[in-house]
Chemist: 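Take a look at this one; I'll ask things after.
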Number of protein chains: 2
Amino acid sequence: MRALHDIGSALRSRGFRVTPQRRVIYELLEEHGGHISADELYSLARMRQLRVSLSTVYRALDLFQKLGLVRAFRVRDQQLYEVTKEEEHHHLVCLGCGKVVEFRCEHCEELFKVLAKRYDFQVTGSRVQLLGYCAGCRGGDEEG
Amino acid sequence: MRALHDIGSALRSRGFRVTPQRRVIYELLEEHGGHISADELYSLARMRQLRVSLSTVYRALDLFQKLGLVRAFRVRDQQLYEVTKEEEHHHLVCLGCGKVVEFRCEHCEELFKVLAKRYDFQVTGSRVQLLGYCAGCRGGDEEG
DNA sequence: GTATGTGCAAAGGTTTTGCCCCAAC
DNA sequence: GTTGGGGCAAAACCTTTGCACATAC
């Protein structure tokens with residue numbers, strides 16, 4: 001696993017305090033690899049003996065998003081969070097098991113530039129979800 | 001404008017009753033061209049003198065979705081609804097005024113097939129949102 | 001006439017807020 | 001010591017549900 005980002009200095013440098021709650025919530029986001037809900041973060045944090053409340057989880061997620069450290073997205077009526085990655089990426093979502101797989105797609109980004117021009121939109125970001133079934137959830141049952 | 005779909009027979013043929021509420025809600029969805037919330041539908045329906053409740057709006061939207069007549073999608077923390085179109089399409093979302101513009105993109109669909117193969121996913125649907133600023137919301141202010 | 005559909009109000013789940021205490025600086 | 005951040009409980013928000021009545025068939 002890659003070294004964790006230094007959430008401490010990211011906060012301090014912008015005048016925010018570094019608390020155990022914020023530290024653990026961010027660590028969990030990184031360790032989980034993303035695609036985790038506020039409630040799951042809350043449970044995992046408590047399993048780690050952290051004294052924390054659900055509202056603190058939401059407040060931390062909010063702060064992290066404002067600082068650009070975390071990104072929220074919605075999958076199947078669930079709000080999920082992931083640490084912001086350098087490169088834009090998108091999601092494959094399995095409608096069977098709910099698994100979310102990231103993928104990168106340079107062609108998509110090129111395509112979006114063309115579309116931006118065509119529709120006279122200044123495109124600042126994109127969200128792509130491909131919905132379907134992963135290999136495991138298809139197993140021997142190939143109809144949709 | 002294209003002739004409205006016959007929501008009456010769509011319902012009746014499947015054993016559901018045709019009520020004024022369902023009729024008006026569907027009409028509003030068609031007239032609005034999509035991208036409308038449950039609450040807006042409710043307000044518009046009441047402006048038309050229809051006696052209706054918000055729960056009926058939700059129940060109708062639910063039924064229409066189950067019948068494949070309507071599709072839900074989420075834009076900027078808002079749940080929006082649109083009548084199902086023949087061809088798959090995606091959305092440009094203006095972060096300034098909230099406007100949602102539809103676009104079609106054959107290249108996207110081709111690309112998604114390639115990605116499906118690469119990641120061993122059976123893709124049954126896709127959701128694409130390009131976020132940015134429309135011409136009106138940029139006007140004279142080109143920085144992001 | 002019967003069963004589905006409706007309005008209303010209450011409940012449900014998720015997210016936000018107020019307030020007072022605590023701890024990071 | 002200050003003041004930003006936290007826990008807790010309550011509120012807010014959107015959506016769903018239960019129930020008795022209405023109405024499409």
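Every chain is numbered from 1, with letters handed out A, B, ... down the list of sequences. Quick note: numbers below take in every heavy atom, side chains included, and nothing from hydrogens, waters or symmetry partners.
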Chemist: Mind checking which nucleotides bracket the chain B contacts on DNA chain D, 5' to 3', with an atom under 4.0 Å from a heavy atom?
Modeler: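 Under 4.0 Å from chain B, the extent on DNA chain D is D:dC14 to D:dC25.
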
Chemist: How do B:Arg17 and B:Val57 order along DNA chain C: which one's closest nucleotide is nearer the 5' end?
Modeler: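 Counting from the 5' end, the first nearest nucleotide belongs to B:Arg17.
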
Chemist: Using whole Å, report how far CZ of B:Arg22 lies from C1' of C:dT4.
Modeler: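 Distance, rounded to whole Å: 8 Å.
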
Chemist: Going through the checks in order, is the side chain to side chain donor-acceptor pair (under 3.5 Å) test met by B:Arg46 and B:Tyr42?
Modeler: CA-CA 6 Å; B:Arg46 294 194 70 115; B:Tyr42 172 66; 2.9 Å; yes

Chemist: Establish, yes or no, whether a centroid distance under 6.0 Å links the rings of A:His107 and B:His107.
Modeler: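 Between B:His107 and A:His107, which both carry aromatic rings, the centre distance is not below 6.0 Å.
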
Chemist: Could you go through the side chain to side chain contact (heavy atoms under 4.5 Å, CB included) check for B:Leu131 and A:Val123 one step at a time?
Modeler: CA-CA 6 Å; B:Leu131 309 171; A:Val123 172; over 6 Å; no

Chemist: Please verify the inter-ring angle class for A:Phe112 with A:His90; under 30° counts as parallel, over 60° as perpendicular, anything in between as tilted.
Modeler: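 Judged by the thresholds at 30° and 60°, the geometry between A:Phe112 and A:His90 is perpendicular.
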
Chemist: Remember a base hit wins even if backbone is also touched, and classify A:Arg59 as base, sugar-phosphate or nothing at under 4.0 Å, heavy atoms.
Modeler: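 The answer is base, as A:Arg59 lies within the cut-off (heavy atoms under 4.0 Å) of a base atom.
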
Chemist: Can you work out whether B:Arg74 or B:Val18 has the more 5'-proximal nearest nucleotide on DNA chain D?
Modeler: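 Comparing both residues, the 5'-ward one is B:Arg74.
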
Chemist: Between C:dG7, C:dG5, C:dT15, which one does the side chain of A:Leu54 approach most closely?
Modeler: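 Out of C:dG7, C:dG5, C:dT15, the nucleotide with an atom closest to A:Leu54's side chain is C:dT15.
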
Chemist: Just how far, in rounded Å, is P of C:dT15 from CD of B:Gln79?
Modeler: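 These atoms are roughly 13 Å apart.
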
Chemist: Any donor-acceptor pair under 3.5 Å linking the side-chain atoms of B:His91 with those of B:Glu82?
Modeler: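 Result is yes, a qualifying pair exists.
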
Chemist: Using atom CG of A:Asp62 as one end and atom P of C:dT14 as the other, report the distance to the nearest whole Å.
Modeler: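 Those two atoms, CG and P, are 18 Å apart.
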
Chemist: Would you say a side-chain N or O of A:Ser55 is under 4.0 Å from OP1 or OP2 of C:dT17?
Modeler: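 No.
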
Chemist: Please tell me whether A:Tyr133 and B:Phe121 form a close aromatic pair, meaning their ring centres lie under 6.0 Å apart.
Modeler: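 Centroid distance A:Tyr133-B:Phe121: not below 6.0 Å, so no.
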
Chemist: Which comes earlier along DNA chain C counting from the 5' end, the contact point of B:Phe16 or that of B:Arg46, where each point is its nearest nucleotide?
Modeler: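 The residue closer to the strand's 5' end, by nearest nucleotide, is B:Phe16.
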
Chemist: Quick one: B:Arg14 CZ to C:dG5 C1', roughly how many Å, whole number?
Modeler: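 In whole Å, C:dG5 C1' lies 18 Å from B:Arg14 CZ.
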
Chemist: Calculate the interatomic distance between B:Ile25 atom CD1 and C:dT6 atom C1'; express it in whole Å.
Modeler: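 After rounding, the reported distance stands at 11 Å.
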
Chemist: For a quick check of understanding: with a heavy-atom distance under 4.0 Å over all strands, which category does A:Arg51 fall into, base, sugar-phosphate or nothing?
Modeler: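 A:Arg51: backbone/sugar contact only, no base atoms under 4.0 Å.
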
Chemist: Whole angstrom is fine here: how far is it from CD in B:Gln21 over to C1' in C:dG7?
Modeler: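 After rounding, the gap between these two atoms is 9 Å.
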
Chemist: For B:Tyr42 and C:dC8, what is the distance between atoms OH and P respectively, to the nearest whole Å?
Modeler: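 Taking atom P of C:dC8 as the reference, OH of B:Tyr42 is at 7 Å.
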
Chemist: A:Glu106: what forms a salt bridge (charged side-chain N to carboxylate O under 4.0 Å, His left out) with it, not counting sequence neighbours?
Modeler: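 Expected list: none.
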
